[in-house]
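Heads up: the structure comes next, in structure tokens.
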Amino acid sequence: MTTPILSARDVRKSYGRGSNRFDALKGVSLDIHEGESVAIIGRSGSGKSTLMHVLALLDTPTDGTVELAGADTGTLRGASLNRTRNTTFGFVFQQFFLTPNASVLENVVLPLKIAGVGRRERRRRGLAVLEQLELADKARNAAVNLSGGQKQRSVIARALVNDPRIIFADEPTGNLDTATGAVVEDLLFGLHREQGITLIVVTHDEELAARCDRRIHIRDGRIVDDEAVAA
Amino acid sequence: MKALDLVGSAIGNTFRSKTRTILTILAIFVGAFTLTITNGLGTGINRYIDDTVAAIGAEDVMTVTKIAENATDAGDGPREYDPDAVAGAPVPGPPGSTSIVAPIGGSQLDELAAVDGVQRVQPVKSIDADYVVAGDGTRYVIDVGAFVNGMRLQLAAGEQPDAAASGYQVVIPDSYVDALGFDAADAAIGETVAIAVTDGDGVQHELEAEVVGVSEASLGTTDSVVPNDAYTDALFAAQSTGLDPADQDSFTQATVWYDPAATPEAVTALQDRLTEAGYDSTTVEEQLGSFKAVIDGIVLVLNAFAVIALLAASFGIVNTLLMSVQERTREIGLMKAMGMGSGRVFGLFSLEAVFIGFLGSAIGALVGVVVGTAVSSALSGALLANLPGLTLIAFDPVSIAVIILVVMGVAFLAGTLPAARAARQDPVESLRYE
Ligand SMILES: Nc1ncnc2c1ncn2[C@@H]1O[C@H](COP(=O)(O)OP(=O)(O)OP(=O)(O)O)[C@@H](O)[C@H]1O
Ligand SMILES: [Mg+2]
């Protein structure tokens with residue numbers, strides 16, 4: 001079997017100390033392979049977002065290790081950590097986190113700007129990804145003027161623009177009505193299927209979870225069920 | 001992120017909340033404007049003083065008097081009468097208001113020339129003129145000034161007297177042009193005037209000279225005629241006619257030349273050596289030194305006000321940026337999640353501060369220069385018409401650049417607190433922030 005792209009070993013995460021100490025993750029181990037689509041599901045406060053942040057190297061676990069393509073990420077610091085975040089991951093958050101007064105294109109190319117890609121190349125790749133998401137006609141609009149679905153599509157465009165290997169999505173449809181949510185879902189799974197991008201989705205939504213290859217149930221910081229669905 | 005993109009983003013972010021940015025820029029503007037004006041005042045007045053210094057005397061000379069044997073420092077009680085002491089330069093006031101100095105004769109001149117650091121000594125031939133007259137016109141009382149080689153009079157017309165010329169030349173003050181019957185300063189050039197002196201026997205001698213220049217009234221020069229060396233010698237000789245030869249060779253003051261490149265320390269050392277030899281010395285700098293010190297003091301106080309204004313403005317920067325860090329918490333979190341380093345985040349916010357500082361100071365300096373120039377030229381036509389040559393507020397590009405750079409530096413320092421706060425932000429916490 002191939003090396004998993006992401007591998008967590010007995011990951012624990014605690015907040016606070018002493019009597020205020022709260023264990024959000026109590027020893028989570030899992031392997032995610034390249035090209036998989038994984039849903040992390042569980043009740044509110046169960047630790048889903050915390051697990052996603054640890055897997056995405058946004059947060060360091062209190063204990064345990066996270067390996068990225070077989071390499072321990074605990075030793076990653078500073079510039080190399082930033083480069084890994086920038087080139088390996090794409091994020092879709094529950095909130096859009098778009099800069100309201102900047103244009104859609106500017107919002108979308110932010111990861112490229114951070115990566116130090118030149119202006120012309122940024123524009124080319126930004127427009128290409130907007131084209132792909134059928135948002136090209138909105139490229140010049142201010143992000144604040146978009147509808148919710150268009151905003152979420154912009155966010156997906158931003159997650160995609162740097163050709164990431166893994167897309168993390170935290171409740172990507174939580175803010176959208178059912179119809180628009182479905183459109184966004186189709187989009188994510190389409191990318192997953194066509195470009196082989198690994199998809200890790202945190203969700204409450206059973207329907208969305210059902211479309212994933214695998215569902216990981218979390219309760220009180222522990223994995224209680226890890227069911228693979230034969231595709 | 002590339003440096004250029006960083007700068008571009010910082011400038012773009014500056015204008016995101018325009019009202020707040022503009023208010024902060026205004027605060028800095030006030031400080032920079034004040035600083036520019038006060039600095040301009042200092043530059044203008046000091047430049048004028050420097051010109052005046054050149055008009056009073058050459059820069060590499062000092063006036064030397066011999067300290068009388070029994071001279072005591074003021075405050076040491078009554079001084080004993082010395083029959084040999086000569087009355088020095090007359091001091092304005094009732095009779096007897098003269099400073100008592102010992103005479104300088106040939107041997108003293110040799111002694112002075114031997115002092116280490118003295119390049120040349122020349123006695124000051126003070127001339128006590130009776131009157132000046134042009135042709136058969138009215139006679140006017142006048143003082144005779146001394147012209148030292150290297151000195152530059154502030155002229156309304158004509159040229160500086162030629163020290164080397166053998167012909168008799170004189171520069172007359174502007175205020176005498178009309179009285180002497182000349183139409184204008186220019187018209188007086190090339191004309192002839194005569195100065196009369198009375199010798200020891202009471203005989204009056206009138207000596208003619210060509211007017212080569214007309215001097216403007218200024219801080220340093222009084223309304224006196226300035227003859228060239230040849231004319232001075234002639235007038236002095238006429239004045240000394242019939243005197244005992246020993247008395248003829250006796251002066252109250254001498255002028256000493258030193259190395260023009262000498263450092264202030266070297267000049268002080270030379271003055272110490274002269275004091276040891278029994279001579280009092282005054283450099284031109286010293287003559288105007290106290291005046292300059294007053295101006296510098298005033299400018300310093302004004303600058304202090306400007307700096308206080310800037311300090312207040314820098315708190316404005318801190319406030320503006322702290323608010324903007326607060327507002328952009330999520331954006332910062334997102335950028336960090338996307339792999340933007342803490343150093344870059346710090347750079348982004350401190351560049352924003354520097355840019356705000358730049359805008360405020362550049363606009364402040366620009367408006368300061370325009371307003372200062374306008375005020376200065378308005379004043380020199382009216383209030384300060386008696387001081388021709390004085391540009392009250394003058395600007396020098398270097399100090400303007402320094403002001404802008406200093407304000408940008410202050411803005412940077414003010415920006416470090418908010419920028420460091422932004423840089424420290426934890427991406428996860430920022431993204432959880434509601
Ligand atoms: N910084 C923190 N300090 C203390 N406790 C925290 C902190 N961050 C998260 N927690 C706690 O950790 C637990 C897990 O939080 P997490 O955000 O992972 O939940 P979640 O499963 O994503 O919930 P939801 O579905 O509501 O988003 C929660 O009980 C939360 O209160
Ligand atoms: Mg969550």
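The shown structure was predicted, so the numbers you read here are calculated from the model rather than taken from an experiment.
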Requested in this report: Under 4.5 Å heavy-atom distance to chain B, tell me which part of A:T84 shows up: side chain, backbone, both or neither.
Outcome: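 Neither; nothing under 4.5 Å.
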Requested in this report: Tell me, for A:F89 versus chain B, whether the close heavy atoms (under 4.5 Å) come from the side chain, the backbone, both or neither.
Outcome: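 Neither part; nothing is under 4.5 Å.
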Query raised in the report: Between B:S9 and A:K113, does any side-chain donor sit less than 3.5 Å from a side-chain acceptor?
Result: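 Yes, A:K113 and B:S9 have a side-chain donor paired with an acceptor closer than 3.5 Å.
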**Report entry** A:D170 side chain to A:S49 side chain, donor-acceptor N/O pair below 3.5 angstrom
**Finding:**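 A:D170 vs A:S49: donor-acceptor pair found between side chains.
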Side chains of [X] and [Y] in contact at under 4.5 Å (non-hydrogen atoms):
| X | Y | answer |
| --- | --- | --- |
| B:I363 | B:F33 | no |
| B:N39 | B:V299 | no |
| A:Q150 | A:L135 | yes |

With respect to chain B, which residue among [options] yields the maximal number of heavy-atom pairs within a distance under 4.5 Å?
| options | result |
| --- | --- |
| A:G90, A:A79, A:G116 | A:G116 |
| A:N162, A:T99, A:L112 | A:T99 |
| A:A102, A:A159, A:G118, A:P111 | A:P111 |

Query raised in the report: Looking only at heavy atoms, which of residues 15-30 of chain A get nearer than 4.5 Å to chain B?
Result: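 The stretch touches chain B at A:Y15.
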Query - B:R16 and its salt bridge (Lys or Arg N to Asp or Glu O under 4.0 Å) partner, picked from B:E327, B:E352, B:E331 - result: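 The passing option is B:E331.
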Query raised in the report: So, are B:D396 and B:R47 salt-bridged, with charged N and O less than 4.0 Å apart?
Result: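 No salt bridge links B:D396 with B:R47.
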Query raised in the report: Who among B:L6, B:D5, B:L4 has the most heavy-atom pairs with chain A under 4.5 Å?
Result: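 Going by pairs under 4.5 Å, I would pick B:D5.
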Report task. Determine the option with the most heavy-atom pairs under 4.5 angstrom with chain A, choosing from B:A3, B:S342, B:G343, B:A337. Result ->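 Maximum pair count with chain A is reached by B:A337.
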Report task. Flag yes if more than 12 heavy atoms outside B:F15 fall under 6.0 Å of its CZ atom; otherwise flag no. Result ->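 Result for CZ/B:F15: enclosed.
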Query raised in the report: More than 12 heavy atoms of other residues, nucleotides or ligands under 6.0 Å from CD of A:E131: is that the case?
Result: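 Open: at most 12 neighbouring heavy atoms sit under 6.0 Å from CD of A:E131.
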